[in-house]
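Report on one structure; see the data block that follows.
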Amino acid sequence: RKSAGGTSEKGDHPLLRVHRICRASEHGFVAAAASAGLTPRAVFDPSANLLAQEYIREPQTLTAGLVAAALPECARLLRRLHDRVPAAAFKRARELGCGDGHEFDVFETAQHYLGLVRGLNPTGDVSWAAALPGDVDALVAEAANLAKSLRARRTLGGWYPAACHNDLVVGNLVRGQVLKGTQQERRLFLIDFEYAAVGDRCFDLANLCVNADLSPAQTEVVVKHYLAHDGDAADGSATAAAASESRESELLARVGLYRVLSDLREGLWALAHGTTLGPLQGATDGATCKSGLLEPVPAEGGASSEEGGGKEESGALPKSFYVEYAAKHLDRFRRSLGLSPPKGPGAGSEAGSGAGSSDQAGAGARREQLSKWVDLVEA
């Protein structure tokens, strides 16, 4: 993985500054994760700002369907990451003053991206702000309340902080062949640690669940298997069992709230990334939506990308991909809050349709669920 543009060790290329990525920090995390068997080994050349990892033999990049079929394995992988990789893996980033050597906070990151879209980017470009929804400030205000609740009791029995991946799109999980002793075995790996930082392990769980589009029941399976390696109920007593059930309820609530906030971060990430591609001027060609899923038109030369497969390097996709990607995630964030989209020209023509009462009932249920999660987190 090499950064374009003659980047220095501190990562001063615009793309890295926008996303606060530091290759030295990434290498520190990868080295620690590799020693725990969670990712292939890596080498780093500071003079070229080049990071390379060992090739994964017979690789299979996971899809949402493959994640859903391997929930216990994915949960165990994340638990091993959070328990075995020490926060000291980020010491190098703090020394260099680059990357996310600080603690990762999804709401603070979303605010950072919003500022970039509004002109606080390396080029001062404000054209991408035209792609922001009209209610973006109201959405951010709602997110601030959720973030405040999450910060109030994030220690969760000493589980905070932990070393976290923070970018669990399904394409960042790869199954491959590995030599164990004299035998070959298939193993699930994590890759792409650009956004890794000290943070709340519940965000990693939520980020995986939302990116794999898991149902509430599937999310519960992930949490149960994540906790299966906990020692709370080891003695089998009623007290221990009650403590374990309480912990599971709180963990599910935190994952639920972070799952909502993940969409805000993802949507604003796309527009902030857009500021590295040049001014946004009528970026309406090059991508289409079918059945609500974005299908980017292959770039010149035949390259293409599948939705959910991971964030692409600058210029690999048309600007319209990022506009529609942002719209998809910000709309899902809005719906998770039980809010209606802002009315634009002609929006009133659909008002009063037969689906109105059903939409209102669904919005009310989502608001009630959020309130329950907040109560559990703040209890």
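With values rounded to the nearest 0.5 angstrom, Leu139 atom CG is found 6.5 Å from Leu339 atom CG. Remark: Asp263 CG to Arg335 CZ distance equals 8.5 Å, nearest 0.5 Å. Considering CZ of Arg76 and CG of Asp83, their distance stands at 14.0 Å, rounded to 0.5 Å. Rounded to the nearest 0.5 Å, atoms CZ (Phe107) and CZ (Arg151) are 6.5 Å apart. In this structure, CG on Leu78 lies 9.0 Å from NE2 on His165, to the nearest 0.5 angstrom. The structure places OG1 of Thr63 at 11.0 Å from CG of Leu173, a figure rounded to the nearest 0.5 Å.
Contact annotation: the side chain of Leu188 approaches that of Cys74 to within less than 4.5 Å [non-hydrogen atoms, C-beta and beyond]. Side-chain contact between Leu150 and Leu261: present, with at least one pair of heavy atoms (C-beta onward) separated by less than 4.5 Å. Residues Asn211 and Asn172 have side chains not in contact (no heavy-atom distance under 4.5 Å, counting atoms from C-beta outward). With contacts defined as side-chain heavy-atom distances shorter than 4.5 Å, the pair Leu337/Leu146 qualifies. With contacts defined as side-chain heavy-atom distances shorter than 4.5 Å, the pair Glu250/Leu376 does not qualify. Inter-residue side-chain proximity for Val374 and Asn145 is flagged as unmet; no heavy-atom pair is nearer than 4.5 Å. You'll find the side chain of Val30 reaches within 4.5 Å of the side chain of Gln53, heavy atoms only. Contact of the Leu257 side chain with the Val260 side chain is not registered, since no non-hydrogen atoms from C-beta on lie closer than 4.5 Å.
Partners of Pro279 according to the side chain to side chain contact (heavy atoms under 4.5 Å, CB included) rule, which considers only residues two or more places apart in sequence or in another chain, are Asp125, Ser127, Gln281. The side chain to side chain contact (heavy atoms under 4.5 Å, CB included) check on Ala33 picks up Phe29, Leu38, Thr39, Val85, Phe193, with sequence neighbours excluded. Applying the ring pair (Phe, Tyr, Trp, His ring centres under 6.0 Å) criterion to Phe333, with sequence neighbours excluded, gives no partner residue. Scanning for side-chain hydrogen bond (donor to acceptor under 3.5 Å, both in side chains) contacts around Arg57 gives an empty result, with sequence neighbours left out.
With salt bridges taken as basic N to acidic carboxylate O contacts below 4.0 Å, one links Arg334 and Asp331. Under a 4.0 Å N-O distance rule, the pair Arg175/Glu73 qualifies as a salt bridge. A salt bridge is absent between Glu324 and Lys328; no separation between the charged side-chain nitrogens and carboxylate oxygens falls under 4.0 Å.
Using a distance-only test at 3.5 Å, with no hydrogens or angles considered, no donor-acceptor pair links the side chain of Arg84 to the main chain of Gly37. Between the His27 side chain and the Ala52 main chain, no donor and acceptor come within less than 3.5 Å of each other. No donor-acceptor pair closer than 3.5 Å links the side chain of Asp135 to the backbone N or O of Ala138. Judged by distance alone, the side chain of Arg265 and the main-chain N or O of Thr109 form no donor-acceptor pair under 3.5 Å.
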Is there a side chain to side chain contact (heavy atoms under 4.5 Å, CB included) between Val210 and Arg332? Walk through the geometry before answering.
CA-CA 10 Å; Val210 71; Arg332 189 162 66 181; 3.5 Å; yes
Could you check Asp192 against Val169 for side chain to side chain contact (heavy atoms under 4.5 Å, CB included), going step by step and ending with a plain yes or no?
CA-CA 10 Å; Asp192 193 355; Val169 293; over 6 Å; no
Determine, stepwise, if the pair Val106 / Ser262 fulfils side chain to side chain contact (heavy atoms under 4.5 Å, CB included).
CA-CA 7 Å; Val106 62; Ser262 179; 5.5 Å; no
What verdict does the side chain to side chain contact (heavy atoms under 4.5 Å, CB included) test give for Leu132 and Leu268, after you've listed the backbone C-alpha separation in whole Å, the side-chain angles of each residue and the deciding distance to 0.1 Å?
CA-CA 8 Å; Leu132 289 169; Leu268 294 177; 3.8 Å; yes
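Taking every heavy atom of both residues into account, Glu378 and Ser149 meet most closely at OE2-OG, 2.7 Å. A pairwise comparison of heavy atoms in Leu190 and Pro40 identifies O-CD, 4.4 Å as the closest pair. Of all heavy-atom pairs between Val126 and Arg118, the closest is CG1-O, 3.6 Å. Pairing each heavy atom of Val174 with each of Pro59, the nearest pair is CG1-CB, 3.9 Å. Across all non-hydrogen atoms, the minimal contact from Ala162 to Arg201 is CB-NH2, 3.8 Å. Across every non-hydrogen atom of Thr275 and Leu116, the tightest pair is CG2-O, 4.0 Å.
Using cut-offs of 30° and 60° on the angle between ring planes, the pair Phe104 and Phe203 is tilted.
Under the 4.5 Å side-chain contact rule for hydrophobic residues, Leu120 and Val136 do not share a cluster. Both Leu81 and Leu227 sit in one connected hydrophobic cluster of ILVMFWY residues. Membership requires side-chain heavy atoms under 4.5 Å apart, directly or through other members. Hydrophobic clustering places Val170 together with Val221 (ILVMFWY residues linked when any side-chain heavy atoms are closer than 4.5 Å, directly or through intermediates).
Tested against His273 for a ring-ring contact (aromatic ring centres under 6.0 Å, His included), the candidates Phe321, Tyr322, Trp128, Tyr113 yield a single pass: Tyr322. Checked against Tyr258 for a side chain to side chain donor-acceptor pair (under 3.5 Å), the options Asp200, Asp204, Asn207 give a single hit: Asp200.
The number of heavy-atom neighbours closer than 6.0 Å to CZ of Arg41, taken from other residues, nucleotides and ligands shown, is 12 or below.
Within the structure, side-chain hydrogen bond (donor to acceptor under 3.5 Å, both in side chains) pairs that include any residue of residues 213-224 comprise Ser215-Gln218, Thr219-Arg259, Lys224-Glu248 (at least two apart or interchain). Applying the ring-ring contact (aromatic ring centres under 6.0 Å, His included) definition to pairs two or more places apart or across chains, those involving residues 58-84 are His82-Tyr226.
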